[in-house]
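Presented below is the structure to which this report refers.
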Amino acid sequence: MASGEIYEALLMLQHRGQDSAGMVTTDGAKFREHKDNGLVKDVFDKETMGVLKGHSGIGHVRYPTAGSTSAQEAQPFFVNSPLGIYMIHNGNLTNTEELRQRCQTSCDVSFSRYLRTQSDSEVLLNIFADQIQSQHDKFPEFPLNDVIFKAVTKTMEATSGAYSCITLIGQVGMLAFRDPRGIRPLVLGKKSTLNGREWAFASEDCAFGPIGFERVRDVLPGEAILITEDGEMISHQCMPGNLAPCIFEYIYLARPDSVLNGISVYEMQLSLGRKLADRIKELGIDKKIEMVVPVPDGSRPAAIEISAELNLPYREGLVKNRYVGRTFIMPDQQTRELSVLRKLNAMRTVFEGKRVLLVDDSIVRGTTMTQIVSMVRRAGAKKVYLASAAPPVKYPNVYGVDMPSKKEFIANNLTEQEVCDVLGADGLVYQTMESLLTAAQDMNPSIETFDCSCFDGNYITGDIDDEYLEALESTGRGLNRTIIKPKLPEVPVPATQLAPQRTIDDSFDDGLEEEEGHL
């Protein structure tokens with residue numbers, strides 16, 4: 001049954017979402033579905049897996065960036081007309097409200113559609129379903145496969161933002177398509193069996209290994225690929241593509257054993273480590289430290305290269321509890337903060353009396369790193385320096401990473417030295433934008449543009465302005481965010497060993513006086 005392979009693949013992709021999981025399978029005559037909040041291993045028990053019969057299916061792990069955390073918004077989503085369509089979606093639309101209005105009025109669609117959730121994925125599914133109906137009505141003589149590809153084209157023309165989608169369509173097969181800029185990843189895989197060739201799609205090709213599939217290629221920007229019920233693979237370029245993938249995938253989201261858009265995530269992270277080592281030398285921090293320690297797990301490749309380039313010992317000083325989820329993708333700040341204390345423990349045998357460089361893949365909100373610095377000082381570190389493999393995060397991400405409010409970011413309205421002071425560190429070095437882009441483009445020179453909007457504020461879809469971002473903060477995903485000021489650790493060490501510190505109120509007064517009601 002397909003459900004077993006989907007389950008194994010979802011386990012490999014669990015890092016992409018821990019809020020909910022869902023799966024649907026089909027035997028060609030009937031769909032069977034199950035979804036709920038929780039991790040893959042908890043949502044799908046033996047009894048449930050026994051019900052999910054069929055030779056084909058799709059599965060999803062959710063990391064909420066639009067809508068709510070309700071189990072009702074777990075994917076896949078379903079519409080029964082036309083044909084019966086299930087869809088899973090990775091990304092975030094940027095014209096959701098316009099499309100929602102379009103769905104709910106009959107003036108611009110075949111029929112007005114009832115939407116059960118606030119999810120942009122449900123909106124996208126209904127726009128796509130309506131286009132299938134519309135194209136079939138216009139071209140009743142066309143083969144159904146041609147109608148499907150025309151519907152994808154019309155859907156792409158109507159939507160803006162990031163979307164990598166996989167659908168199951170009754171009487172048609174499995175269809176995957178990717179937005180014209182390829183912001184979110186989508187990979188095609190295959191394997192040969194006694195019954196013939198089988199095909200698979202996934203956000204990352206790391207999902208293919210355990211189930212015996214091999215990577216074929218990335219789905220191209222603007223491309224749709226249909227796997228018919230007979231197993232035939234048909235590709236169609238629905239819109240011209242201009243690849244501009246999200247660079248944050250390589251820094252944080254994707255697993256190191258994945259290859260996205262022709263770039264090895266692991267090799268990219270190693271390169272970032274080498275470039276960050278050059279920056280550390282340039283600032284003279286290499287003369288002030290005795291060893292390099294990663295903040296597990298994502299920063300290890302960069303930390304290993306920094307250690308090698310600086311000819312300094314690499315040490316695993318932070319022990320991770322592997323049964324705690326990724327703090328960055330947890331839904332609220334308080335949960336993230338409590339999770340840090342359960343997630344990491346600093347070893348006194350590593351840190352006591354040492355001048356240490358802590359390396360992290362990125363520093364976003366700062367509260368996690370503040371606690372880590374405090375933890376390392378309590379373990380006896382003489383000096384604590386920080387290095388981020390990514391540049392300062394200063395702008396919201398609107399394409400599928402849950403960073404909707406710039407007020408959350410520690411680097412918002414603060415200089416690098418001010419950020420260092422708030423974190424309670426003795427020094428801080430960020431990756432430069434130039435080095436980040438050089439590392440990425442060296443890996444694949446054919447990619448001329450990356451989406452770096454969370455670092456530089458340049459939104460590649462061209463439809464994001466201050467009004468949109470303000471609405472996102474005040475009425476959208478940022479509405480219920482509690483902005484918690486990082487607190488400097490009270491460390492019982494001599495004052496001469498502490499970095500110069502500003503008070504938290506002083507640090508944040510510069511840019512947030514008018515936001516007091518939201519803090």
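Throughout, residue positions are numbered sequentially from 1 according to the sequence presented.
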I need the Ile447 CD1 to Leu437 CG distance, nearest 0.5 Å. 11.5 Å
Non-neighbouring partners of Asp218 that pass salt bridge (Lys or Arg N to Asp or Glu O under 4.0 Å), sequence neighbours left out: Arg215
When every non-hydrogen atom of Cys103 is compared with those of Asn126, the smallest separation belongs to SG-CB, 3.9 Å
Answer whether the closest heavy-atom distance between the side chains of Gln14 and Leu39 falls below 4.5 Å. yes
Ring pair (Phe, Tyr, Trp, His ring centres under 6.0 Å) against Tyr468, all qualifying residues, sequence neighbours excluded: none
Mind jotting down which residue pairs meet the side chain to side chain donor-acceptor pair (under 3.5 Å) criterion with at least one end in residues 239-250? Sequence neighbours excluded, please. Arg16-Glu249, Arg184-Glu249, Tyr250-Asn261
State which residues pass side-chain hydrogen bond (donor to acceptor under 3.5 Å, both in side chains) with Ser388; sequence neighbours excluded, sorted by chain then number. none
Are Ser121 and Gln75 close enough that some pair of their side-chain heavy atoms sits under 4.5 Å apart? yes
Sequence-distant partners of Arg197, side-chain hydrogen bond (donor to acceptor under 3.5 Å, both in side chains), two or more places apart: none
Can you name the closest pair of heavy atoms from Thr25 and Ser3 and give their distance? CG2-CB, 4.1 Å
Taking the side chain as every heavy atom from C-beta outward, state whether Asp360 and Thr368 have any atom pair closer than 4.5 Å. no
Shortest non-hydrogen contact between Leu270 and Pro301, atoms and distance: CD2-O, 3.4 Å
Does Arg300 pair with Glu316 as a salt bridge, N-O distance under 4.0 Å? yes
The criterion is side-chain hydrogen bond (donor to acceptor under 3.5 Å, both in side chains); which residues satisfy it with Glu122, sequence neighbours excluded? Thr117
Is it the case that the side chains of Thr48 and Asp45 hold a donor-acceptor pair, with the cut-off being a distance below 3.5 Å and no angle test? yes
Between atom CG of Asp42 and atom OG of Ser20, what is the distance when rounded to the nearest 0.5 Å? 12.5 Å
Does any part of the side chain of Pro185, heavy atoms only, come nearer than 4.5 Å to the side chain of Asn90, both counted from C-beta? yes
Restricting to non-hydrogen atoms, name the atom on Ala162 and the atom on His89 that form the minimum distance, rounded to 0.1 Å. O-NE2, 3.3 Å
Search all heavy atoms of Met174 against all heavy atoms of Gly57 and return the closest pair with its distance. CE-O, 3.3 Å
With the side chain counted from C-beta on, respond yes when Asn37 and Asp19 share a heavy-atom pair under 4.5 Å apart, and no when they do not. yes
Distance in Å, Ile169 CD1 paired with Leu175 CG, rounded so as to fall on 0.5 Å steps: 5.0 Å
Can you name the side-chain hydrogen bond (donor to acceptor under 3.5 Å, both in side chains) partners of Glu229, sequence neighbours left out? none
Using the salt bridge (Lys or Arg N to Asp or Glu O under 4.0 Å) criterion, which residues pair with Lys190? Sequence neighbours excluded. none
Glu98: salt bridge (Lys or Arg N to Asp or Glu O under 4.0 Å) partners, not counting sequence neighbours: none
What is the minimum heavy-atom distance between Gly22 and Phe44, and which atoms define it? C-CZ, 3.6 Å
Between side-chain atoms of residues 144-154 and protein atoms elsewhere (two or more places apart, or another chain), which donor-acceptor pairs fall under 3.5 Å?
| from | atom 1 | to | atom 2 | distance (Å) |
| --- | --- | --- | --- | --- |
| Thr153 | OG1 | Phe149 | O | 3.2 |
| Thr153 | OG1 | Cys238 | O | 3.3 |

Does the side chain of Gln118 reach to within under 4.5 Å of the side chain of Thr96, using non-hydrogen atoms? no
No-hydrogen, no-angle side-chain donor-acceptor test under 3.5 Å, Asp451 and Ser453: yes
Determine which pairs satisfy salt bridge (Lys or Arg N to Asp or Glu O under 4.0 Å) with at least one residue from residues 233-243, sequence neighbours left out, and list them in order. none
Side-chain donor-acceptor pair present, Asp230, Thr228, cut-off under 3.5 Å: no
Residue pair Asn397 / Tyr399, side-chain heavy-atom distance below 4.5 Å: yes
Got more than 12 heavy atoms from elsewhere within 6.0 Å of NZ, Lys35? yes
Within a reach of under 6.0 Å around NZ of Lys30, are more than 12 heavy atoms found that belong to other residues, nucleotides or ligands? no
Distance, nearest 0.5 Å, that separates NE2 of His55 from CG of Asn195: 11.5 Å
Leu115 side chain reached by Gln104 side chain, heavy atoms, under 4.5 Å: yes
For Asp257, which residues count as a salt bridge (Lys or Arg N to Asp or Glu O under 4.0 Å) partner, sequence neighbours excluded? Arg255
Please work out which of the three classes, parallel, tilted or perpendicular, describes the rings of Phe208 and Phe213, given edges at 30° and 60°. tilted
Thr94 side chain to Ser160 side chain, donor-acceptor N/O pair below 3.5 angstrom: yes
